[in-house]
Protein chains: 2
Amino acid sequence: MKGYLTYLILWNLSQTRMNGAQITREFEKRRGTKPSPGTIYPALKELKTKGLITVDNKKTYSLTIDGENELKSACKLFCKIFYDAKEMSEFCK
Amino acid sequence: MKGYLTYLILWNLSQTRMNGAQITREFEKRRGTKPSPGTIYPALKELKTKGLITVDNKKTYSLTIDGENELKSACKLFCKIFYDAKEMSEFCK
DNA sequence: TGATGAATATTGGGTAACCGATAAATATAA
DNA sequence: TTATATTTATCGGTTACCCAATATTCATCA
């Protein structure tokens with residue numbers, strides 16, 4: 001299960017502003033394992049380059065307007081692909 | 001968003017037995033675009049090699065016991081990673 | 001102030017995941 | 001049967017995705 005990292009960074013930042021370490025902990029909760037710094041910071045850098053997130057002087061990241069729009073599209077696609085996620089959660093009980 | 005294909009093949013086969021063309025159509029519905037045959041058949045082959053699915057003489061694929069167990073674990077992980085999928089679906093409305 | 005740990009960042013890959021092109025097998029029907 | 005479409009399969013290649021290792025900056029407090 002790869003490929004969801006960037007998407008989840010945007011999603012997390014849409015809920016609350018965070019720094020890199022907080023994002024890392026968030027992923028640890030979700031996946032069980034900590035993502036490597038070599039995973040998280042290049043990802044943040046790329047998102048910044050694309051203008052989807054911004055950083056303040058305290059290294060706190062937050063979504064831009066473009067980032068929110070991007071997340072919205074990604075979110076729509078996610079929900080379309082996994083439209084039956086509810087049944088999945090029943091299945092694995 | 002990559003990495004969910006194998007997982008969704010297992011999930012689809014847990015719902016109903018299917019051949020390669022049907023699986024392809026299922027993905028077209030979910031993603032909007034058809035996966036290439038170069039995507040779907042090697043994936044099926046690998047799952048068969050791993051003993052997670054079987055094929056009958058009509059090329060109809062179905063889950064094995066191992067496949068069902070594997071799916072269950074993958075499903076649990078999926079639900080853990082995307083535990084707030086419901087809020088996501090609200091977000092992108 | 002200096003030291004120690006935490007957070008941030010970069011670099012250089014490795015490989016899983018997927019695709020396009022092509023070919024072969026199978027089904028459908030004319 | 002012949003022809004046409006559909007399905008199945010393989011192969012080579014590309015890239016997205018992520019990691020480990022290392023370096024640097026920052027924060028905290030003795």
Side-chain angles (χ1 to χ4, degrees), chain A residues 1-13 16-62 67 70-71 73-74 77-78 80-82, chain B residues 1-13 16-62 67 70-71 73-74 77-78 80-82:
Chain A
M1 303 250 290
K2 293 175 72 176
Y4 53 82
L5 190 125
T6 298
Y7 168 65
L8 276 184
I9 289 178
L10 291 180
W11 170 250
N12 283 328
L13 291 180
T16 172
R17 299 151 47 79
M18 289 167 143
N19 61 28
Q22 291 173 308
I23 294 173
T24 301
R25 279 184 228 109
E26 186 61 32
F27 272 98
E28 192 180 12
K29 272 200 299 183
R30 288 179 186 266
R31 314 186 313 178
T33 61
K34 256 189 197 167
S36 153
T39 297
I40 206 79
Y41 291 102
L44 287 171
K45 189 181 181 184
E46 200 209 345
L47 288 170
K48 198 175 61 180
T49 302
K50 285 184 178 172
L52 303 180
I53 62 178
T54 49
V55 203
D56 65 12
N57 56 338
K58 300 204 167 191
K59 305 290 179 183
T60 303
Y61 292 85
S62 54
E70 176 63 27
L71 173 61
S73 322
L77 182 57
F78 177 85
K80 190 179 174 193
I81 292 176
F82 297 107
Chain B
M1 305 252 288
K2 293 174 72 176
Y4 52 82
L5 190 125
T6 298
Y7 168 66
L8 276 183
I9 289 178
L10 291 181
W11 170 250
N12 282 327
L13 290 180
T16 172
R17 299 152 48 81
M18 288 167 141
N19 61 25
Q22 290 173 308
I23 294 174
T24 302
R25 279 183 227 110
E26 186 61 33
F27 273 98
E28 191 179 14
K29 272 200 298 183
R30 289 181 185 265
R31 318 188 310 180
T33 60
K34 256 189 197 168
S36 152
T39 296
I40 207 77
Y41 291 102
L44 287 172
K45 189 183 181 183
E46 199 208 347
L47 288 171
K48 198 175 61 181
T49 302
K50 286 184 177 170
L52 303 180
I53 62 178
T54 47
V55 203
D56 66 12
N57 57 338
K58 297 205 167 187
K59 306 289 180 183
T60 303
Y61 292 86
S62 54
E70 176 63 27
L71 173 61
S73 323
L77 182 59
F78 176 85
K80 190 179 175 193
I81 292 176
F82 297 105

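Distances from the side chain of Tyr41(A) to the nucleotides dG20(C), dT8(C), dA20(D) place dT8(C) closest. The side chain of Pro35(B) sits closest to dC19(C) out of dA9(C), dC19(C), dA7(C). When the nucleotides dC18(D), dC19(C), dT8(D) are ranked by their closest atom to the side chain of Thr39(A), dC18(D) comes out on top. Distance from the side chain of Pro42(A) is smallest to dT11(C) among dT11(C), dT7(D), dA9(D).
Taking atom NZ of Lys58(A) as the reference point, atom C1' of dA6(C) lies 16 Å away to the nearest angstrom. We find that CG of Leu44(B) is positioned 10 Å from C1' of dT8(D), with the value rounded to whole Å. Rounded to an integer number of Å, the gap from Asp56(B) CG to dT7(D) C1' is 15 Å. At whole-Å resolution of the value, CD1 in Ile40(B) and C1' in dT22(C) are 18 Å apart. As a whole-Å value, the separation of Leu5(B) CG from dA16(C) C1' is 12 Å. In this structure, Met18(A) atom CE and dA6(C) atom C1' are separated by 17 Å, rounded to whole Å. Atom pair Glu46(B):CD and dC11(D):C1' shows a separation of 16 Å (rounding to whole Å applied). Summarising the geometry, the separation between CG on Asn57(A) and P on dT8(C) is reported as 13 Å, rounded to the nearest angstrom.
When side chains are defined from C-beta on, Asn19(B) does not count as touching Lys58(B), because their heavy atoms never get closer than 4.5 Å.
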Can Asn12(A) and Arg17(A) be said to form a side chain to side chain donor-acceptor pair (under 3.5 Å), step by step? CA-CA 8 Å; Asn12(A) 283 328; Arg17(A) 299 151 47 79; over 6 Å; no
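As judged by a 4.0 angstrom heavy-atom cut-off over every strand, Tyr61(A) is placed among residues touching the sugar-phosphate backbone only. Counting non-hydrogen atoms under 4.0 angstrom, Gly38(A) reaches a base of the nucleic acid. Residue-level contact check: Tyr4(A) touches the backbone only, with heavy atoms under 4.0 Å from sugar-phosphate atoms and none from bases.
Between dT8(D) and Lys45(B), no contact under 4.0 Å exists linking OP1 or OP2 to a side-chain N or O. When the side-chain nitrogen and oxygen atoms of Arg25(B) are compared with OP1 and OP2 of dT7(D), one or more of them lie within a distance under 4.0 Å. Checking the phosphate oxygens (OP1, OP2) of dC18(C), no side-chain nitrogen or oxygen of Arg31(B) falls inside 4.0 Å.
The aromatic ring centres of Phe82(A) and Phe78(B) sit less than 6.0 Å apart.
Counting non-hydrogen atoms of neighbouring residues, nucleotides and ligands closer than 6.0 angstrom, the NZ atom of Lys80(A) exceeds 12 such neighbours.
Exactly one of Leu47(A), Asp56(A), Leu13(A), Ile9(A) qualifies for a side-chain contact (heavy atoms from CB on, under 4.5 Å) with Tyr61(A). That residue is Leu13(A).
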